[in-house]
Amino acid sequence: MTPYDPKKIEEKWNKKWLEEKVFKATDDSKKPKYYQLETFPYPSAAGLHMGHPKGYTAEDIRARYMRMHGNEVLYTMGWDAFGLPTENYAIKVGRNPKDVARENTDNFRRQVQMFGFSYDWDREIDTSSPEYYKWTQWLFIQFFKKGLAYRKEAKVNWCPKDQTVLANEQVIDGKCERCGTEIEERMMEQWFLKITDYAERLLADLKGLDWPAPTIKRQEDWIGKSEGAELSFTLNWPAPKMDLVFATNNQGKFKRMQKLFAEAGLSITLKMPADIGIKDFDVVEDGKTLAENTEKKARALAKLTDLPVFADDTGFFIDGTEINPVTVKRNALGGVDEKSLTMEQIAEKMQVYYKSVATARGGRVDAEWHQALCFITPERAAVHEEAVRPVVLTDEMHGTFDPSLPLRGLYIPKATGKYPSEETEEEELLELKPLTDAIKKLFTPAIKIFTTRPDTLFGATYLVLAPEHPFVNGCIKQKAIANIDEVAAYVEASSHKTDRMRQEEVKDKTGVELKGVKAINPATKEEIPIWVADYVLGSYGTGAIMAVPAHDERDFEFAKKFGLPIKQVVLKPNAPIKSYLMGGEKITDQDLKNLDIRIVEVIPSGDRKIIIPENKITDYEKLITEKIDVGFWNEYIGKETVFIFKHSDNRTERIVLSNETEAHINDLASQFAKQKFISPWLMLAENKWYEDIIIHLEYGALINSGQFSDMDSEKAKAEITKFVGGKMKTQYKIRDWSVSRQRYWGVPIPMIHCPKDGIVPVPENELPVVLPDLENYRPQGMPPLASSPAFINVKCPQCGGDAKRDPETLDTFVDSSWYFLRYPDPHNATAIFDKAKVAHWMPVDLYVIGAEHTVMHLLYSRFVTKFLHDEGYFSFIEPFKKMRHIGLIMGADGTKMSKSKGNVVNPDEIVAEFSADAMRMYLMFLGPFYDATPWDAKGILGIERFLKRFWNYCNGVLEQAATVSTPANTTQKPSATNALHRTIKKVGDDIEAFKFNTAISALMILLNELEPSAPLAKDELVSLVKLIHPFAPHMCQELWSLMGNASYLDFEPWPAYDPALIAQEKITIVFQVNGKTKDTVSVDAAIDEGAAKEMALASEKVKAALATAGVSTPKRVIYVDKKLVNIVI
RNA sequence: GCCCAGGUGGCGGAAUGGUAUACGCGUGACACUUAAAAUGUCAUGACCGUAAGGUCUUGUGGGUUCGAGUCCCACCCUGGGUACCA
């Protein structure tokens, strides 16, 4: 018998697989494609940790399994080789990061090759190679060209000692990971990718993906969509008198606007740019929405003057969809350069275009005419307003053409029903009313807030602004408030706070009031105070909130601390609650436990006595009135309602009430709430009921809300928003992706800063911008690349003048956000990939990834995919069809493996001591693939034994077949064949379901059954070897070869099973009495109900059990097919 | 705090509402051996019992069901994520 020598076998096959390129994936194969993506590792100096081979083994099993099912499998390996740890390590040891990375990569490659993973090594990629990062740079330039890569000021973590920016992960407890110095936050101009533009699609397209549900949820949470309303709170300030520049050079338009301003009753003097000496300002119209365009235009002008600026922009909406003004103009002009045309020519072309739109839709089309307004305040804040007028688009040309009003004659205003040219002056003003109103609103001092609970507007008792809100700045600058110093100091102090420090203050909110200014609640018309507090973030929504302390926890705490009014406006629906205040003393969960009760509802006891109107007293209410001392609540025990009274001497008393009173009591409770306990303006200072108010965030019937009282709060959202002239709005939490890194070991950002032309991308035919070798990689207050004149100094590709390269590098997440698109065509030197190849292989059919990467990497990869889809590179919109997660391998002590704990298991040592096959199989056997499981050093012995036994068994069968004249299958028991078929089914099902642990256990069970006396026929043995092959490929390939085959087992068909043979197996039927097992019998699978019941009643053990119970005839006999008979007595 | 996952022998873990503890580790006994290792055989949830057998047991307490680890309600604990997102 050949002894099992795994070292030799594994070395032999690893070498052959590599040299013969056995697993090379063919692009034009006729087999169905299957693309399996492996998380490409970050090659650290420490080498692979156990988590890598766990995930990789699972994928290798699947890859080999899929090949045996006739698929052409694309299965690859690469290196995410750029990154900070390598750079830091290189600095520490005084070497070049490139050399360090190469060594690490070599070591990783050696290790994964040792495990025998079936990669196509011809497709190996490395993000730090110029061949790869050329395309990372190219990708960045495509983003830039589409306006999706831009620069803005952003907060960064700065280590003053290391003179560098740190990633969030490098900041531990507010200190630098390496030197322990307290980090600072600095504002720096950085590159961003505009992932926010894709927020809605990134959210919507999650539907239908075969991903773990928690992962989908985390993506959703990260995108953080909130639907709510934007509401405007006017201030008790007069509209300001001021000079205002209107962003137009068109006399007609200007005069018209002047008229509207006068109509709005504003004491504002409008000026044309020419009036203040500005001849030309840059009117770029390439924004996305009307509002964005308008602001862009306004900002462009504002750059040239200190005066406040006003701009507008217009567009049609048909069926609620904006006809993008840029698109419209582009379509209308038909590729002709705008600059070569006169105003009249442009107008004419626009008319023709609109006419064609109307004609295309059948002549007359209902539409909306939107006019976006933007006001740049003296503080340089942008305030927006939008006027909407319903119109009918028509294809009839009408009236005289007015070049200043290009669209007149093409629509009929709904307000007047006449063509604009036929309107009287009064009619025209009527038609323009929404615009006048919008203008009026725009210049009436007001604060916009975003809320998800517009239904609680009547309960908004104060406003809170973020310290960075422009209005706060304006108040300080214009000395418009009574406590300037206090507010300025607060703003100043919070600007020095790090986000971390803000977080620590969650429990203790700070803030100051803006004294001398009040806002007006648009619903109640009452004046409410305005506060500045850093619990409101400047970066979300409008940077301002309405505070509804009765229905928002943060507002509640703030109101409590500063004695602000709390007004309840939503009734709490009947629901259990956990804790409450009673008699000034908090009842804890432990108290409830001691009382052995369950709280169902708590009725606030007001001023400690319940007062019931005399004429309404019923017996039960009388009972309550008499009994009540401190408080009471009711709860349900079993099916009864119990009233519990708490008295001032801490005595509790319980009275059981019948069922029918329950509704009555509840009704009573809600009446109390309305009549007595919920005062419309509950002031902390004046009212000691305060503590009995239970803030809640639920939906219910509105109270104290004027005409909306009694309305359901969900419904009231839209109604109240409409009532106060707000608009429904969707907000996202996701922020744009910051990609600048001020470090060396990454992809150089392919941009050139020219003093004349601004930011210019490196021409694509000059890519890659190669990362230069430097003398010193240490960042010294500036990015390392900035210190290399040879790298930095460059000629501007546009003007040819002196310019500088961008000295920063890209976040490594950019490298990994597209690597799966490179494997289909890894060596393409002329394009990022060949479209046909990507169309063939993508999307990824299976991606196995650590649960720790479920947010960033996936979000970025999906974003890049959608972007390239939009650019026309492929038709799919999601990169990863199916995804599964790896659970961690923990140390033997059940905690995460770490050097400091000394519980790290080194894969090299395990392979040296046992074998690669044993390690692969043991990793799969440890526990469920998705769960974190501890590495038990002894457990692998079981796998080693199994492999040896299996080897010996196979060799035994083969020898017997060779020496004994009778064919092996004559000695075989039928049950062995049946067991084999049962196991073929089980292993296949389990591999499909990622249940590798139970697949292996099924194989062990089979071997236990086969040994020692149930040999399989030789062809059956082949099936068995194939079955184990994905788990232990070296050994199985060797066995296959010992059987005299020259081929590779991976391309042999997966064994089929015969369901009829599985059905022939004996089954065990259980006999129960009242659900307790009394007897088991082994029967043929063909047993029917009658026979089974008969056998059960005939069973001695069942008879004995019946006799003991003194029962002769059972009440019922239940039969579960092929499972059990339960006799109910 | 909120969200997610999970609590089953000495350990890792198995179980479409149907024999709880498969499979493996460990442990014990035995066989082989001069001996040890390796290998093989048997046993191995707890308690009571000489035994036959019985009782209990899947974090806790209830519920639904002929029957619950599995479904429902409440609670406790552990792990992970998140953090003032209005």
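For the numbers below, each heavy atom of this structure counts, side chains included, while hydrogens, waters and symmetry mates do not. Quick note on labels: first sequence line is chain A, next is B, and so on, each numbered from 1.
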Quiz item: For the side chain of Tyr535(A) and the backbone of Gly511(A), is there at least one donor-acceptor N/O pair under 3.5 Å apart?
Solution: no
Quiz item: If only side-chain N and O atoms of Arg945(A) are considered, is one of them under 4.0 Å from the OP1 or OP2 phosphate oxygen of G26(B)?
Solution: yes
Quiz item: Which nucleotide sits closest to the side chain of Asn1126(A): C23(B), G18(B), C84(B)?
Solution: G18(B)
Quiz item: For Lys995(A) and C23(B), is the shortest distance between a side-chain N/O and OP1 or OP2 below 4.0 Å?
Solution: no
Quiz item: Of all the choices, C66(B), G81(B), A86(B), which nucleotide is nearest to the side chain of Arg218(A) once you look at every atom?
Solution: G81(B)
Self-check item: C1' spacing across the pair G24(B) / A36(B), given as an integer number of angstrom
Solution: 25 Å
Exercise. May I ask you to say what Ile1005(A) touches in the nucleic acid, namely base, sugar-phosphate or nothing, with a heavy-atom cut-off under 4.0 Å?
Key: sugar-phosphate
Quiz item: What nucleic acid atoms does Thr854(A) come within less than 4.0 Å of, heavy atoms only: base, sugar-phosphate, or nothing?
Solution: nothing
Exercise. Rounded to whole angstrom, note down the C1' distance from U55(B) over to C3(B).
Key: 43 Å
Quiz item: Which part of the nucleic acid, if any, lies within reach of Val1070(A) when heavy atoms closer than 4.0 Å are counted: base, sugar-phosphate only, or nothing?
Solution: base
Self-check item: pair Val532(A)-His469(A): side-chain heavy atoms closer than 4.5 Å
Solution: no
Quiz item: Should Leu564(A) and Pro529(A) count as side-chain neighbours, where that means a heavy-atom distance under 4.5 Å?
Solution: yes
Quiz item: Roughly how far apart, to the nearest Å, are A86(B) and G79(B) at atom P?
Solution: 29 Å
Quiz prompt | Under 3.5 Å donor-acceptor, Gln731(A) side chain and Glu227(A) backbone | solution = no
Exercise. Describe the nucleic acid contact of Asp936(A) in one word from base, sugar-phosphate, nothing, applying a heavy-atom distance below 4.0 Å.
Key: sugar-phosphate
Quiz prompt | Salt-bridge present (Glu220(A), Lys225(A); N to O < 4.0 Å) | solution = no
Exercise. Answer whether the closest heavy-atom distance between the side chains of Phe1031(A) and Ile61(A) falls below 4.5 Å.
Key: yes
Practice problem: Take nucleotides 4-9 of chain B nucleotide by nucleotide from the 5' end and write B, S or -, depending on whether a protein heavy atom sits under 4.0 Å from the base, only from the sugar-phosphate, or from neither. | Solution: S-----
Practice problem: Please give the nucleotide sitting opposite U65(B) as a Watson-Crick or G-U wobble pair, both distances under 3.5 Å, or none. | Solution: none
Quiz prompt | Nearest-nucleotide 5' precedence on RNA chain B, Ile943(A) against Lys1101(A) | solution = Ile943(A)
Quiz prompt | Watson-Crick or G-U counterpart of U82(B), or none if no pair lies under 3.5 Å | solution = G1(B)
Quiz item: Is the shortest side-chain N to carboxylate O distance from Asp936(A) to Lys938(A) below 4.0 Å?
Solution: no
Quiz item: In whole Å, what separates the P atom of C11(B) from that of G59(B)?
Solution: 13 Å
Practice problem: Would you indicate what Leu926(A) reaches in the nucleic acid, counting non-hydrogen atoms under 4.0 angstrom: base, sugar-phosphate, or nothing? | Solution: sugar-phosphate
Quiz item: Considering Watson-Crick and G-U wobble pairs with both distances under 3.5 Å, what does G40(B) pair with?
Solution: C30(B)
Quiz item: Quick one: which of C84(B), G40(B), G12(B) gets closest to the side chain of Arg949(A)?
Solution: G40(B)
Quiz item: Within less than 4.0 Å of OP1 or OP2 of G13(B), is there a side-chain N or O belonging to Thr933(A)?
Solution: no
Quiz item: With sugar-phosphate meaning primed atoms plus P, OP1 and OP2, does Lys938(A) contact a base, only sugar-phosphate, or nothing at under 4.0 Å between heavy atoms?
Solution: sugar-phosphate
Quiz item: When the ring centroid of Phe994(A) is compared with that of Phe996(A), is the distance short of 6.0 Å?
Solution: yes
Exercise. Establish, with yes or no, whether the OP1 or OP2 oxygen of C66(B) is under 4.0 angstrom from a side-chain nitrogen or oxygen of Arg1116(A).
Key: yes
Quiz item: So do Asn978(A) and Ile1062(A) actually touch side chain to side chain, heavy atoms under 4.5 Å?
Solution: no
Quiz item: Cation-pi between Lys567(A) and Phe458(A): NZ/CZ under 6.0 Å from ring centre and within 45° of the ring axis?
Solution: no
Quiz prompt | Assigned partner base of G6(B), Watson-Crick or wobble definition, under 3.5 Å | solution = C77(B)
Practice problem: Give the nucleotide from the list U16(B), G13(B), A86(B) with an atom nearest to the side chain of Val536(A). | Solution: A86(B)
Quiz item: Leu941(A) near the nucleic acid: base, sugar-phosphate alone, or nothing, with a heavy-atom cut-off under 4.0 Å?
Solution: sugar-phosphate
Self-check item: Watson-Crick or G-U counterpart of A46(B), or none if no pair lies under 3.5 Å
Solution: U55(B)
Exercise. Would you mind pulling out the nucleotide paired to C11(B), Watson-Crick or G-U wobble, both distances under 3.5 Å?
Key: G24(B)
Quiz item: Which label fits G9(B), syn or anti, where anti is any glycosidic angle not within 90° of 0?
Solution: syn
Quiz item: In residues 1071-1081 of chain A, which residues come under 4.0 Å of RNA chain B by heavy atom?
Solution: Gln1072(A), Lys1076(A), Thr1077(A), Thr1080(A)
Quiz item: For A35(B), what is the paired nucleotide under Watson-Crick or G-U wobble rules, both distances under 3.5 Å?
Solution: none
Self-check item: G13(B) to C25(B) separation - P atoms, rounded to the nearest Å
Solution: 16 Å
Quiz item: What is the nucleic acid contact for Ala932(A), judged by heavy atoms within less than 4.0 Å: base, sugar-phosphate only, or nothing?
Solution: sugar-phosphate
Quiz prompt | Out of C23(B), A86(B), G13(B), whichever nucleotide has its closest atom nearest the side chain of Met1004(A) | solution = C23(B)
Practice problem: Determine the Euclidean distance between corresponding C1' atoms of C42(B) and C47(B); express it in Å to zero decimal places. | Solution: 24 Å
Quiz prompt | G7(B) and A14(B), which share atom name P, separated by this distance in whole Å | solution = 9 Å
Quiz item: Between Asp736(A) and Ile195(A), is there a donor-acceptor pair closer than 3.5 Å when you use the side chain of the first and the backbone of the second?
Solution: yes
Practice problem: Indicate, with a heavy-atom threshold strictly under 4.0 Å, whether Lys986(A) touches base, sugar-phosphate, or nothing. | Solution: nothing
Quiz item: Taking the P atom of each, how far is G63(B) from A68(B), in whole Å?
Solution: 12 Å
Quiz item: Looking for any heavy atom pair under 4.0 Å, which part of the strands does Arg735(A) touch: base, sugar-phosphate only, or nothing?
Solution: base
Quiz item: Ignoring hydrogens and geometry, is there a side-chain-to-backbone donor-acceptor pair from Asn521(A) to Leu457(A) under 3.5 Å?
Solution: yes
Exercise. Look at the side-chain N and O atoms of Asn997(A) and state whether any lies under 4.0 Å from the OP1 or OP2 oxygen of C23(B).
Key: no
Quiz item: Hey, are the side chains of Leu1006(A) and Leu1024(A) touching, using non-hydrogen atoms and a 4.5 Å cut-off?
Solution: yes
Exercise. Looking only at side-chain atoms of Asn1008(A), point me to the closest of A86(B), C23(B), C25(B).
Key: C23(B)
